[in-house]
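One-based numbering along the sequence shown. Side chains included, hydrogens not; waters and symmetry mates left out as well; all remaining heavy atoms used.
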Amino acid sequence: ANGVVLITTKRGATGEAKISYSGNYSVQPYDNRWKLLPFKTWLQTYNEAGWENFLYQNQVTPWGTKKLEEAEANPVAGLYTPRFSQTFIDNAEYGTDWLGVITRTGTTMQHNVSISGGSEGVKYLLSGNYFKQDGVVRNSGIERGSFRSNLDIKLNKIMKLVTSLNANRVTNLNSQLGDDQYEKSGIITAALQQGPHIRSRDENGGYPINPDAAIQPNPASLLTMTDKGRQEKILADIGLDINPVNHLNINLKWGLDKSTFKRWMYTPTTIVRGRAEQGIADVINSDNNHYLLQATASYNNTYASSHNVDILVGASRERFIDDMDAQNATSFITDAFLMYNTGAATGKKTLSSSHIESEIASFFGRFNYNYDSKYYFTFSLRNDGTSVFVKEHQWGLFPSAALAWDITKESFFNFSPEKISQLKLRVSYGEVGNASIGTNAFAAYAAVPAYLSGTRQRVIGVLPDRLENPDLTWETTKE
């Protein structure tokens, strides 16, 4: 109901083959660092904060009315003992630069190449792009490759075949980001929260944990997490342009928009959260397909040098097919499998999948008229049908109309043409339909684990997941 958006890309031209290339390489140093306390100053400040907390807990002035002698005689949580001795502070050399541990100098590389040319009968344009970025945060990055092909073939005097293909693959390497706390902390948050007195690795190659905050992850351990995503997308269409007579054009078009997405994640036992579950594996797959079949006929002509008429009629049908499956598994005997052998998990396993299909069919027309590029009239009408509603409400009719007057084209408007290039009055009315309701308006049931039987076997139960709404129809916006 919202119409079809047509995107025009650069196409080949008649002439000898032209080859072009461009590329670049750049570095991205991590310069915007936080100003942190020197290590010895941090240790002293930590002790001072502990002392202040002791005063607060015991309500000693200025936090309360007690005197220090009273608090020390009957302390709430024991007498205060400095976390770090003065000898330790005096002998401390350096602490862990956590931001330095998790960051690096990033790099970006890009290459572009294209070739175009053709004859009167065949015109072509081929292009490719490669892009790679290693992020400032370690283990983060993106790699993208794309290919584009535009080919125009003149079949005879009245017919031309027009094809386009655009394919790309994007691979993401993700560091653990986000603003969660403690064992689910993002790597930057964890680096800012972790004290410099904790080493990134111990003598055995392990990842020490802050004894004062056992659920806080070692930021270096978060670099052992695997989180990789890959998206592949294909946009393709083939069209036939037919010009049987002057001013008349017929276009037949088939199009495909296919997108697949995969994500692999593994949280190993080197991370607090992973250790609690003996390893966590997640695998997600999705496949989304959008098909388009469209036919249009347009007529454009000018009569008596002043009356311009532009007429368009057409029909289209779109089909959407979306599939998804996901699996989660915990408790592995080793981290070596990563997420590539979920069947080896001995703990909880969760599987899910879905399949959704829908269709939209449309009949549409548009009439444009202008007189001497001065007075304009436009009328359009769409009749759209969708499979997401019940039969009685599948179709919606959406008209629109507009009138316009370009005052600058009038003979009396000549007092300041160099300052006002266009002054147009326009009045319009239109209706737009919306059928985006998620899935559909029909009743649906879900099968989920319901309870455990007497033998501790999991029993699957069926329950209503979505109620039927037979009165749901197109949402219409009028303006």
Side-chain angles (χ1 to χ4, degrees), residues 30 32-104 137-139 175-225 267-278:
Y30 179 53
N32 189 22
R33 292 178 177 269
W34 283 274
K35 293 182 179 180
L36 305 177
L37 292 175
F39 185 41
K40 290 186 178 183
T41 305
W42 184 90
L43 295 172
Q44 187 64 44
T45 303
Y46 193 98
N47 282 348
E48 293 172 358
W51 171 250
E52 200 68 29
N53 186 56
F54 171 80
L55 298 179
Y56 172 76
Q57 287 183 327
N58 290 275
Q59 292 297 292
V60 177
T61 308
W63 302 106
T65 58
K66 287 185 179 181
K67 294 182 179 181
L68 180 59
E69 292 78 9
E70 297 178 72
E72 291 178 334
N74 188 26
V76 171
L79 289 172
Y80 168 72
T81 302
R83 175 67 175 80
F84 304 105
S85 68
Q86 190 59 48
T87 301
F88 179 83
I89 296 175
D90 293 337
N91 294 327
E93 296 182 0
Y94 60 89
T96 303
D97 176 12
W98 286 113
L99 290 176
V101 169
I102 67 166
T103 60
R104 64 184 175 187
V137 176
R138 294 182 185 275
N139 293 356
S175 292
Q176 180 162 326
L177 302 176
D179 56 358
D180 286 339
Q181 296 293 312
Y182 308 116
E183 72 273 16
K184 295 183 179 180
S185 293
I187 192 168
I188 295 177
T189 300
L192 292 174
Q193 291 178 337
Q194 191 65 277
H197 63 299
I198 304 298
R199 298 296 180 225
S200 60
R201 303 291 293 271
D202 60 25
E203 59 275 7
N204 298 318
Y207 297 89
I209 296 298
N210 187 347
D212 299 325
I215 61 175
Q216 189 178 73
N218 182 312
S221 71
L222 297 179
L223 295 174
T224 65
M225 182 175 179
T267 305
T269 54
T270 51
I271 300 174
V272 173
R273 180 166 166 257
R275 187 180 304 116
E277 299 284 349
Q278 284 299 302

Self-check item: Any W42 side-chain heavy atom under 4.5 Å of L36 side chain
Solution: no

Practice problem: With sequence neighbours excluded, tell me which residues meet side chain to side chain contact (heavy atoms under 4.5 Å, CB included) with P82. | Solution: N47, Y80

Quiz prompt | With T103 via side chain to side chain contact (heavy atoms under 4.5 Å, CB included) - residues at least two apart | solution = Y30, R33, V136

Quiz item: With distance as the sole test, does W98 use its side chain to make a donor-acceptor pair with the main-chain N or O of L192 at under 3.5 Å?
Solution: no

Quiz item: Atom CG of N210 and atom CD1 of I198: how far apart are they, to the nearest 0.5 Å?
Solution: 4.0 Å

Quiz item: Between atom CD of Q194 and atom CG of L99, what is the distance when rounded to the nearest 0.5 Å?
Solution: 12.0 Å

Self-check item: ring-ring contact (aromatic ring centres under 6.0 Å, His included) partners for F54, two or more places apart
Solution: W51

Quiz item: At their closest point, which heavy atom of M225 faces which heavy atom of T267, and how far apart are they?
Solution: CE-OG1, 3.6 Å

Self-check item: Member of F39, F84, F88 meeting the ring-ring contact (aromatic ring centres under 6.0 Å, His included) criterion with H197
Solution: F84

Quiz item: So, the side chain of R138 versus the backbone of R104: is there a donor-acceptor pair under 3.5 Å, distance only?
Solution: no

Can you list, pair by pair, the side-chain donor-acceptor contacts under 3.5 Å of residues 68-76, counting residues two or more places apart and other chains?
from	atom 1	to	atom 2	distance (Å)
E70	OE2	K67	N	3.1

Quiz item: Which value, rounded to the nearest 0.5 Å, describes the distance between T41 atom OG1 and E48 atom CD?
Solution: 9.5 Å

Quiz item: Which atom pair, heavy atoms only, marks the closest approach of D202 to N204?
Solution: OD1-N, 2.9 Å

Which donor-acceptor pairs under 3.5 Å do side chains of residues 211-224 form with protein atoms, sequence neighbours excluded?
from	atom 1	to	atom 2	distance (Å)
D212	OD2	Y46	OH	3.0
D212	OD2	R83	NE	2.9
N218	OD1	A220	N	2.8
N218	ND2	R199	O	3.4
N218	ND2	S200	O	3.4
N218	ND2	P208	O	2.9
S221	OG	N218	O	2.5
T224	OG1	S221	O	2.5
T224	OG1	T270	OG1	2.6

Quiz item: If you measure from CG on D90 to CD on Q44, what distance do you get to the nearest 0.5 Å?
Solution: 9.0 Å

Self-check item: Pairwise side-chain hydrogen bond (donor to acceptor under 3.5 Å, both in side chains) hits with a residue in residues 55-66, at least two apart
Solution: E52-W63

